[in-house]
Number of protein chains: 2
Amino acid sequence: MKTYSISEAANELNLTVYTLRYYDKEGLLPFVERTASGIRVFKESDISALKIIECLKATGMPIKEIKHFIDWCSEGDSTLQQRYDMFVERKAMVEAQMEELKKTLELIDHKCFYYKTALDAGTEDIHKNNKIVINN
Amino acid sequence: MKTYSISEAANELNLTVYTLRYYDKEGLLPFVERTASGIRVFKESDISALKIIECLKATGMPIKEIKHFIDWCSEGDSTLQQRYDMFVERKAMVEAQMEELKKTLELIDHKCFYYKTALDAGTEDIHKNNKIVINN
DNA sequence: TTAAACCTTATAGTTAACTCTAGGTCAAGG
DNA sequence: CCTTGACCTAGAGTTAACTATAAGGTTTAA
């Protein structure tokens with residue numbers, strides 16, 4: 001079964017070695033084993049777990065909250081409900097973020113149109129008497 | 001024409017007074033006028049401009065880069081191209097972010113299903129011999 | 001066998017974006 | 001007139017998430 005050194009794992013996950021050690025220090029990687037001399041050995045399953053951590057980070061979850069999830073995983077079946085609830089909450093978060101981004105994109109699109117028009121006219125003044133336009 | 005005090009503006013934009021003063025200090029609000037005694041007076045158009053600033057922030061743009069845009073706005077028609085290019089680039093950014101979020105949502109959805117199933121079974125072991133499942 | 005390229009820990013520094021405090025000014029109501 | 005509350009500036013403090021350094025141990029290839 002393939003294993004990874006810290007730099008190989010970092011490479012695999014597009015993280016730095018510093019970041020992985022930082023995560024470990026913050027208690028996010030209790031599952032990563034060590035050699036007799038203290039060197040971290042990342043298993044395939046550790047890489048997968050780190051992908052979940054990266055996924056939670058992508059939802060805007062702070063590291064301290066991700067640690068709660070990791071702790072729950074270590075505690076076993078008694079925390080299944082908490083973990084389920086957490087993912088349901090994350091789902092709602094992500095959906096809200098997507099909604100927000102959609103609105104942002106609409107405004108950006110409008111600005112692209114605004115500046116394209118101004119650029120074609122050579123001046124922003126073209127919009128000065130157009131009341132439909134939201135703002136500069 | 002309606003105007004706003006700094007706290008009214010903060011309220012309108014769901015920001016704090018501190019944040020608005022911070023933005024001003026960073027050069028994001030050169031258009032906000034002052035009374036003879038130095039008190040900020042926000043016009044309707046200033047609120048709109050701040051909404052654009054918030055929109056750019058929502059795309060992940062750092063304040064220093066937003067300042068470039070504000071500077072370009074002050075410089076007039078000679079910077080129309082830069083401003084257009086900036087919004088086109090922002091559009092691409094937001095689209096990439098949405099793509100990323102979609103992938104995140106898929107993983108989260110999978111986790112919701114995983115924990116729902118485990119919860120119904122009363123144990124996570126239910127997934128131990130299911131090779132389709134990605135990871136804990 | 002020695003040097004390069006890893007690894008370790010502990011701890012300090014960085015960056016962005018606020019967030020707050022201190023000390024003072026200003027405008028309106030009693 | 002005086003007090004109260006909102007405003008002002010300058011500058012210090014906070015937080016999260018890295019990012020880097022120092023001092024040293026381990027492994028591997030020439």
Which pairs would a plain distance check flag for residues 94-107 of chain B, meaning a side-chain donor or acceptor within less than 3.5 Å of a matching protein atom at least two apart in sequence or in another chain?
unit_1    : atom_1 : unit_2    : atom_2 : d
Glu95(B)  : OE2    : Lys91(B)  : NZ     : 3.4
Gln97(B)  : NE2    : Thr59(B)  : O      : 2.8
Thr104(B) : OG1    : Glu100(B) : O      : 3.1

Subject >> Side-chain cluster (under 4.5 Å, hydrophobic types only) that Met1(B) belongs to, other residues >> reply: none
Original post:
By the rule that ILVMFWY residues connect when side-chain heavy atoms come within less than 4.5 angstrom, directly or transitively, which residues belong alongside Val41(B)?
Top reply: none
Using side-chain contact (heavy atoms from CB on, under 4.5 Å) as the criterion, list what pairs up with [X], not counting sequence neighbours.
X	value
Ile63(B)	Tyr22(B), Tyr23(B), Glu26(B), Leu28(B)
Lys2(B)	Tyr4(B), Glu44(B)
Lys64(A)	none
Ser74(A)	Pro30(A)

Interface polar pairs with nucleotides 17-22 of chain C, N/O, under 3.5 angstrom:
unit_1  : atom_1 : unit_2   : atom_2 : d
dA17(C) : OP2    : Ile63(B) : N      : 3.2
dC18(C) : OP2    : Tyr23(B) : OH     : 3.1
dC18(C) : OP2    : Lys57(B) : NZ     : 3.3

Original post:
Is it true that Glu54(B) and Lys51(B) make a salt bridge, defined as a side-chain N closer than 4.0 Å to a carboxylate O?
Top reply: no
**OP:** Can you sort out the partners of Thr117(B) under side chain to side chain donor-acceptor pair (under 3.5 Å), two or more places apart, ordered by chain and number?
**Re:** none
[N] [atom2] sits how many Å from [X] [atom1], rounded?
X	N	atom1	atom2	value
Leu20(A)	dC6(C)	CG	C1'	15 Å
Asp24(B)	dC7(D)	CG	C1'	13 Å
Ile53(A)	dC18(D)	CD1	C1'	15 Å

Original post:
Which pairs with one or both residues in residues 71-97 of chain A pass ring pair (Phe, Tyr, Trp, His ring centres under 6.0 Å), sequence neighbours excluded?
Top reply: Phe69(A)-Phe87(A), Phe87(A)-Tyr115(B)
Tabulate protein N/O versus nucleotide N/O from nucleotides 13-15 of chain C, keeping only pairs under 3.5 Å, one per line.
none

Original post:
Which residues, if any, of residues 29-42 of chain A bring a heavy atom under 4.0 Å of DNA chain D?
Top reply: Ser37(A)
Original post:
Between Arg21(B) and dC8(D), is there a side-chain N or O to OP1/OP2 distance below 4.0 Å?
Top reply: yes
